[in-house]
Amino acid sequence: MLQAALRDGTAARRSVFEVFARRLPRGRRYGVVAGTGRFLDALERFTFGDDELAFLAEHGVVDDATAAWLADFRFTGDVWGYAEGDVYFPESPILRVEGSFAEAVMLETLALSVFNHDCAIAAAASRMAHAAGDRPLIEMGSRRTHEAAAVAAARAAYLCGFATTSNLEAGRTYGVPTAGTAAHAFTLLHDDERTAFAAQLAAAGPGTTLLVDTYDVPEAVRLAVELAGPELGAVRIDSGDLRVVAEEVRAQLDALGATGTRVVVTGDLDEYSIAALAAAPCDGYGVGTSLVTGSGAPTASMVYKLVAREDSSGELSPVAKASPGKPSRGGRKHAHRRFSGGVAEAELVTVTEDGLTPDDRPLQVPLVRDGETVGREPLTEARERHRRALAELPAHALHLSKGDPALPTLFA
């Protein structure tokens with residue numbers, strides 16, 4: 001495609017591409033924009049070196065002229081997008097890329113691979129964090145996904161309200177707070193549970209979290225308090241009927257005087273099982289598989305579509321697909337959120353900015369200008385934005401029950 005455009009002279013035409021999702025996953029009422037920071041980092045590194053060019057040439061992927069163009073490739077256009085942590089709805093233009101056709105079309109796979117993954121994880125994490133309320137969540141999904149995806153998932157989870165991650169690379173790269181507990185293997189390594197607990201306490205201190213369901217839970221809880229005293233930080237339960245076991249463990253801890261010891265539960269949790277544990281005496285949750293697989297929606301179904309291109313007169317002309325079931329809307333879009341009494345009531349997507357009111361807040365912010373990144377921000381700022389965005393949604397938007405998107409998308 002690039003090679004053909006270079007040959008026929010259309011590669012230099014000014015073009016506008018947009019990233020959006022035609023629909024939300026079934027039952028979801030909002031999506032979450034995540035991955036913006038990762039996309040900006042990747043865009044700055046997106047060049048073709050000698051090894052990449054040699055591969056393309058040796059396998060006949062591109063001709064010499066295209067290889068020469070790729071050798072000098074640096075994105076020099078503009079990118080606008082929804083701020084990271086904000087919510088989105090069907091057809092929200094969460095990213096807009098403007099530049100020559102050749103430059104902009106090169107970013108399709110890069111943009112979609114980042115946003116499809118991170119937005120999916122973020123939406124699941126947001127629902128889980130809402131279900132958990134004030135109880136902290138630990139992201140523990142690294143063993144259930146690709147090693148690079150695990151780091152991205154930990155970042156997206158923290159963005160949407162998780163307190164910590166067990167992925168140390170996410171801590172090193174993105175500053176996500178880290179935490180973890182011992183595995184059953186540590187207990188099984190030792191001759192008995194007493195020896196295992198004593199070793200962990202000696203290494204980590206009484207504030208550590210002891211895993212108590214390797215053998216017999218009541219005996220493990222008794223032993224944990226005997227060895228650590230009432231200062232024991234927490235116990236973790238990873239199996240059984242978590243509500244029932246948590247109630248039994250809480251009662252036992254209180255009876256033993258360890259009233260400040262927390263009860264953390266893990267074991268294939270998702271937003272629904274977390275919500276079901278709301279009345280149980282749990283002090284925190286560890287979530288793995290469901291989080292890193294998007295809790296049933298492993299992709300956000302984002303697409304990257306050309307919506308406008310330079311015509312023969314030098315003006316931007318809207319273009320759109322008419323494919324059955326996959327139409328697109330032409331023209332460079334502007335996105336605003338309409339509020340009433342401080343509560344969001346609609347998403348406005350327009351090709352002009354006419355007819356807006358003081359209650360319509362613009363959603364797109366500059367991310368890249370003339371090829372230079374201008375929209376980088378701390379992850380903590382995006383995390384706070386997500387908290388505010390949820391607070392602005394109508395109450396039904398946060399329900400876990402099946403329903404339509406929380407806000408209608410209005411086009412003009």
>> salt bridge (charged side-chain N to carboxylate O under 4.0 Å, His left out) for Arg332 and Glu98? Distances and angles first, verdict last.
In response: CA-CA 9 Å; Arg332 179 205 282 129; Glu98 301 190 27; 2.9 Å; yes

> What do the steps show when you test Glu91 against Arg23 for salt bridge (charged side-chain N to carboxylate O under 4.0 Å, His left out), and what is the final call?
Replying inline: CA-CA 7 Å; Glu91 299 199 57; Arg23 61 192 64 85; over 6 Å; no

> Do Ser290 and Met128 pass the side chain to side chain contact (heavy atoms under 4.5 Å, CB included) test, and can you show the C-alpha distance, the side-chain angles, and the key distance before you say yes or no?
Replying inline: CA-CA 10 Å; Ser290 185; Met128 293 173 188; 3.5 Å; yes

> Are Ser301 and Arg22 close enough, and set up right, to give a side chain to side chain contact (heavy atoms under 4.5 Å, CB included), and what steps lead you there?
Replying inline: CA-CA 8 Å; Ser301 299; Arg22 292 190 176 91; over 6 Å; no

>> Determine whether Phe411 and Thr350 satisfy the following criterion, side chain to side chain contact (heavy atoms under 4.5 Å, CB included), listing intermediate values before the conclusion.
In response: CA-CA 6 Å; Phe411 299 94; Thr350 65; over 6 Å; no

>> With side chain to side chain contact (heavy atoms under 4.5 Å, CB included) as the criterion, how do Leu291 and Phe162 come out once you've worked through the C-alpha distance, each side chain's angles and the decisive distance to 0.1 Å?
In response: CA-CA 11 Å; Leu291 185 279; Phe162 274 57; 4.0 Å; yes

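Using a 4.0 Å cut-off between charged side-chain N and carboxylate O, Arg388 and Glu392 make no salt bridge. Classification of Glu84 and Arg155 as a salt-bridged pair holds, one side-chain N sitting under 4.0 Å from a carboxylate O. With respect to the salt-bridge test (charged N to carboxylate O, under 4.0 angstrom), the residues Arg13 and Asp311 do not qualify.
Put simply, CZ on Phe17 and CG on Leu95 are 12.0 Å apart, with the number rounded to the nearest 0.5 Å. Atom OG1 in Thr209 sits 8.5 Å away from atom CZ in Arg236 (nearest 0.5 Å). Cys160 contributes atom SG, which lies 11.5 Å from atom CG of Leu137 (distance to the nearest 0.5 angstrom). Of the inter-residue distances, the one linking Met1 atom CE with Glu108 atom CD reads 6.5 Å to the nearest 0.5 angstrom. A distance of 13.5 Å separates CZ of Arg338 from CZ of Arg361, quoted to the nearest 0.5 Å. A distance of 12.0 Å separates CG in Asp213 from CG in Leu210, rounded to the nearest 0.5 Å.
At a cut-off of 3.5 Å, with distance as the only test, a side-chain donor of Arg144 or Thr289 sits close to an acceptor on the other residue. Glu347 and Ser92 share a side-chain donor-acceptor pair at under 3.5 Å.
Between Met106 and Phe73 there is a side-chain heavy-atom pair separated by less than 4.5 Å. For the pair Tyr285 and Leu277, the minimum side-chain heavy-atom distance is below 4.5 Å. Between Leu379 and Leu159 there is a side-chain heavy-atom pair separated by less than 4.5 Å. Contact of the Arg29 side chain with the Asp404 side chain is not registered, since no non-hydrogen atoms from C-beta on lie closer than 4.5 Å. Side-chain contact between Leu107 and Tyr304 is present, with at least one heavy-atom pair separated by less than 4.5 Å. Considering only heavy atoms from C-beta on, Thr165 stays 4.5 Å or farther from Ile138 through its side chain. Looking at Thr36 and Arg38, their side chains never come closer than 4.5 Å, going by heavy atoms from C-beta outward. Between Phe75 and Glu44 there is no side-chain heavy-atom pair separated by less than 4.5 Å.
A 6.0 Å sphere centred on CG of Asp241 holds more than 12 heavy atoms belonging to other residues, nucleotides or ligands. Applying the 6.0 Å contact sphere to CZ of Arg369 captures no more than 12 heavy atoms from other residues, nucleotides or ligands.
Judged by distance alone, the side chain of Lys305 and the main-chain N or O of Val303 form no donor-acceptor pair under 3.5 Å. Thr208 places no side-chain N or O within donor-acceptor distance of the main-chain N or O of Pro206, the cut-off being under 3.5 Å. Although no hydrogens or angles enter the test, the distance criterion places a donor-acceptor pair under 3.5 Å between the side chain of Asn116 and the main chain of Met302. Of the possible donor and acceptor atoms, none in the side chain of Asp270 sits under 3.5 Å from a partner among the backbone N and O of Ser295. In terms of modelled atom types and a separation under 3.5 Å, the side chain of Arg14 and the main chain of Ala308 share no donor-acceptor contact. Between the side chain of His130 and the backbone N or O of Ser126, no donor-acceptor pair lies under 3.5 Å. In this structure, Ser317 contributes its side chain and Glu310 its backbone to no donor-acceptor pair below 3.5 Å. Side chain of Thr76 to backbone of Gly371: no donor-acceptor contact under 3.5 angstrom is found. Under the 3.5 Å distance criterion, the side-chain polar atoms of Ser113 are matched with a main-chain donor or acceptor of Thr109. Using modelled atom types, one side-chain atom of Asp78 and one backbone atom of Asp370 make a donor-acceptor pair closer than 3.5 Å.
Considering all non-hydrogen atoms of both residues, Ala131 and Leu400 come closest at CB-CD1, 4.2 Å. The heavy-atom pair separating Val87 from Leu390 by the smallest distance is CG1-CD2, 4.1 Å. Smallest separation of non-hydrogen atoms from Pro318 and Gly330: CB-C, 3.9 Å. What you find for Glu139 and Ala154 is that their closest heavy atoms are OE1-CB, 3.4 Å. What you find for Arg96 and Val16 is that their closest heavy atoms are CG-CG1, 3.7 Å. What you find for Ile121 and Gly294 is that their closest heavy atoms are CD1-N, 3.8 Å.
Evaluation of the side-chain hydrogen bond (donor to acceptor under 3.5 Å, both in side chains) rule for Arg250 yields Asp254 as partners, not counting sequence neighbours. Applying the side-chain hydrogen bond (donor to acceptor under 3.5 Å, both in side chains) test to Asp191 and every residue at least two apart in sequence or in another chain returns nothing.
Residues Tyr30 and Phe89 place their aromatic rings such that the two centres sit no closer than 6.0 Å. Aromatic pair Tyr82/Tyr88: centroids not less than 6.0 angstrom apart. Aromatic rings of Phe46 and Phe48 (six-membered ring for Trp) have centroids within the 6.0 Å cut-off, being under it.
Test Val264, Val263, Leu211 against Ile237 for side chain to side chain contact (heavy atoms under 4.5 Å, CB included) and you get one pass: Val263. Residue Arg337 is tested with Asp360, Asp359, Asp86 for a side-chain hydrogen bond (donor to acceptor under 3.5 Å, both in side chains); the sole match is Asp86.
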